[in-house]
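Position 1 is the first residue of the sequence; numbering continues from there.
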Amino acid sequence: MLKAKVLLVGPRESGKSVLANFISENTEGIGSYSPTQALRILEYEKPNLNANTRGAGCRFELWDCSGDQKFETCWPALMKDSHGVIIIFNPELPSHLEEIEMWYSCFVQQQSLLDSQCLLVAHHKPGSGGYTEDLSLAYPLNRLKLIHSNLEEDPEDVRMEFIKYFKSIITFINESREREEMSIIS
């Protein structure tokens, strides 16, 4: 079975743990806010997601990283061998819009990940104001795939967007392996 490591990063109180729980179908801590201390790893197995004939599915490690910058010294260790990064933010908080460029720089650019390995999630908390569909992001963030998540109103749409993203990560891993194997052969 294929294994993929995906980091969930972003500002404090943006909903990273809520989305990690939702994606992995984990019911731990639902309804109460508890800041993540450094890191929490959830395993999520998705059968039949791997289109390649080498495996029937994929086991994802979802690394739910604290949004508290006091853990910045841990970031290099967290980033090691990651296949993808999901940057989560609350679009209704101006401070989050300012911070996400730093998260992109640290977790995507410093690892030399491709933009296709990154997903930007504007997470709308329950009872929040409304959608900010006209969200305009500066370069380089405007090149990234952006989804809006509202788990009260459209949980299945959110789940489908994550599945599409995970499929793209699997494709990337398979293509990287094939390139590596071809370079060994030739």
Side-chain angles (χ1 to χ4, degrees), residues 1-26 28 35-47 49-52 54-55 57-89 96 99-123 137 140-147 149 158-181 183:
M1 182 173 281
L2 193 63
K3 191 173 182 178
K5 175 180 174 180
V6 177
L7 307 177
L8 283 78
V9 302
R12 293 175 62 158
E13 298 186 49
S14 57
K16 297 177 296 298
S17 295
V18 169
L19 284 171
N21 287 340
F22 173 75
I23 295 165
S24 66
E25 299 169 0
N26 181 359
E28 170 191 320
T36 302
Q37 296 302 311
L39 172 70
R40 192 174 67 112
I41 302 172
L42 289 89
E43 289 200 351
Y44 167 61
E45 205 166 291
K46 192 68 181 162
L49 194 61
N50 190 352
N52 192 311
R54 291 185 180 181
C58 187
R59 174 175 291 129
F60 289 93
E61 287 182 354
L62 302 176
W63 289 49
D64 177 12
C65 305
S66 172
D68 194 329
Q69 292 183 24
K70 73 180 181 185
F71 297 110
E72 189 173 354
T73 56
C74 302
W75 292 354
L78 303 181
M79 290 187 268
K80 184 173 175 24
D81 300 327
S82 65
H83 298 101
V85 174
I86 300 172
I87 301 172
I88 300 164
F89 67 100
H96 282 204
E99 252 186 84
I100 56 175
E101 195 168 333
M102 180 274 302
W103 292 99
Y104 174 78
S105 174
C106 290
F107 284 87
V108 179
Q109 289 180 323
Q110 286 183 18
Q111 292 189 85
S112 299
L113 294 181
L114 302 173
D115 286 345
S116 61
Q117 291 173 268
C118 183
L119 178 65
L120 201 53
V121 180
H123 181 63
L137 300 169
L141 298 173
N142 61 1
R143 299 181 310 185
L144 303 177
K145 167 81 173 158
L146 169 68
I147 67 166
S149 72
V158 173
R159 189 177 312 281
M160 290 310 299
E161 289 294 338
F162 278 109
I163 288 173
K164 282 187 221 172
Y165 171 70
F166 290 141
K167 282 183 178 179
S168 73
I169 294 298
I170 290 170
T171 299
F172 176 80
I173 292 170
N174 285 331
E175 288 173 354
S176 295
R177 283 186 177 174
E178 287 171 14
R179 277 193 304 277
E180 187 178 330
E181 288 170 3
S183 71

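Residues F162 and L19 share a closest heavy-atom pair of CE1-CD2, 4.2 Å. The minimum heavy-atom distance linking S14 with P11 is given by the pair OG-O, 2.8 Å. Of all heavy-atom pairs between L114 and V108, the closest is O-CG1, 4.4 Å. Here the closest non-hydrogen pair linking A20 and R40 is CB-NH2, 3.8 Å. For the residue pair C106 and W75, the shortest heavy atom distance occurs at SG-CZ3, 3.9 Å. Closest heavy-atom contact between L78 and L7: O-CD2, 3.5 Å.
Rounding to the nearest 0.5 angstrom, the gap separating the OG atom in S149 from the CD1 atom in I88 is 7.5 Å. Once rounded to the nearest 0.5 Å, the distance linking CG of N142 with CG of L144 reads 8.0 Å. Interatomic distance, CD1 of I100 versus CH2 of W103, reported as 12.0 Å (0.5 Å rounding). Rounded to the nearest 0.5 Å, atoms NE2 (H83) and CD1 (I170) are 11.0 Å apart.
Considering only heavy atoms from C-beta on, F166 stays 4.5 Å or farther from C58 through its side chain. A 4.5 Å side-chain heavy-atom check between L8 and V121 finds every atom pair outside the cut-off.
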>> Test side-chain contact (heavy atoms from CB on, under 4.5 Å) on L113 and F107; report intermediate values, then the result.
In response: CA-CA 8 Å; L113 294 181; F107 284 87; over 6 Å; no
> Between L120 and L137, does a side-chain contact (heavy atoms from CB on, under 4.5 Å) hold up when you go through it step by step?
Replying inline: CA-CA 11 Å; L120 201 53; L137 300 169; 3.4 Å; yes
> Hey, mind stepping through F60 and I23 against side-chain contact (heavy atoms from CB on, under 4.5 Å) and telling me if it holds?
Replying inline: CA-CA 10 Å; F60 289 93; I23 295 165; over 6 Å; no
>> Applying side-chain contact (heavy atoms from CB on, under 4.5 Å) to L146 and L141, what does each step give before you reach the verdict?
In response: CA-CA 9 Å; L146 169 68; L141 298 173; over 6 Å; no
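Identified under the side chain to side chain donor-acceptor pair (under 3.5 Å) test for residues 106-120, with sequence neighbours left out: S82-Q111, Y104-D115, D115-R143.
The side chain to side chain contact (heavy atoms under 4.5 Å, CB included) test applied to E61 returns K3, K5, I41, E43, W63, not counting sequence neighbours. Judged as a side chain to side chain contact (heavy atoms under 4.5 Å, CB included), and not counting sequence neighbours, the contacts of K164 are E161. Every residue meeting the side chain to side chain contact (heavy atoms under 4.5 Å, CB included) condition with V18, not counting sequence neighbours, appears here in chain and number order: H123, L151. Shown here are the side chain to side chain contact (heavy atoms under 4.5 Å, CB included) partners of K70, two or more places apart in sequence or in another chain: Q37, D68. With sequence neighbours left out, the salt bridge (Lys or Arg N to Asp or Glu O under 4.0 Å) criterion links R159 to E25, E156.
Around atom CD of E72, more than 12 heavy atoms belonging to other residues, nucleotides or ligands sit under 6.0 Å away.
With hydrogens and angles ignored, the 3.5 Å screen pairs no side-chain donor or acceptor of S105 with any backbone N or O of E101.
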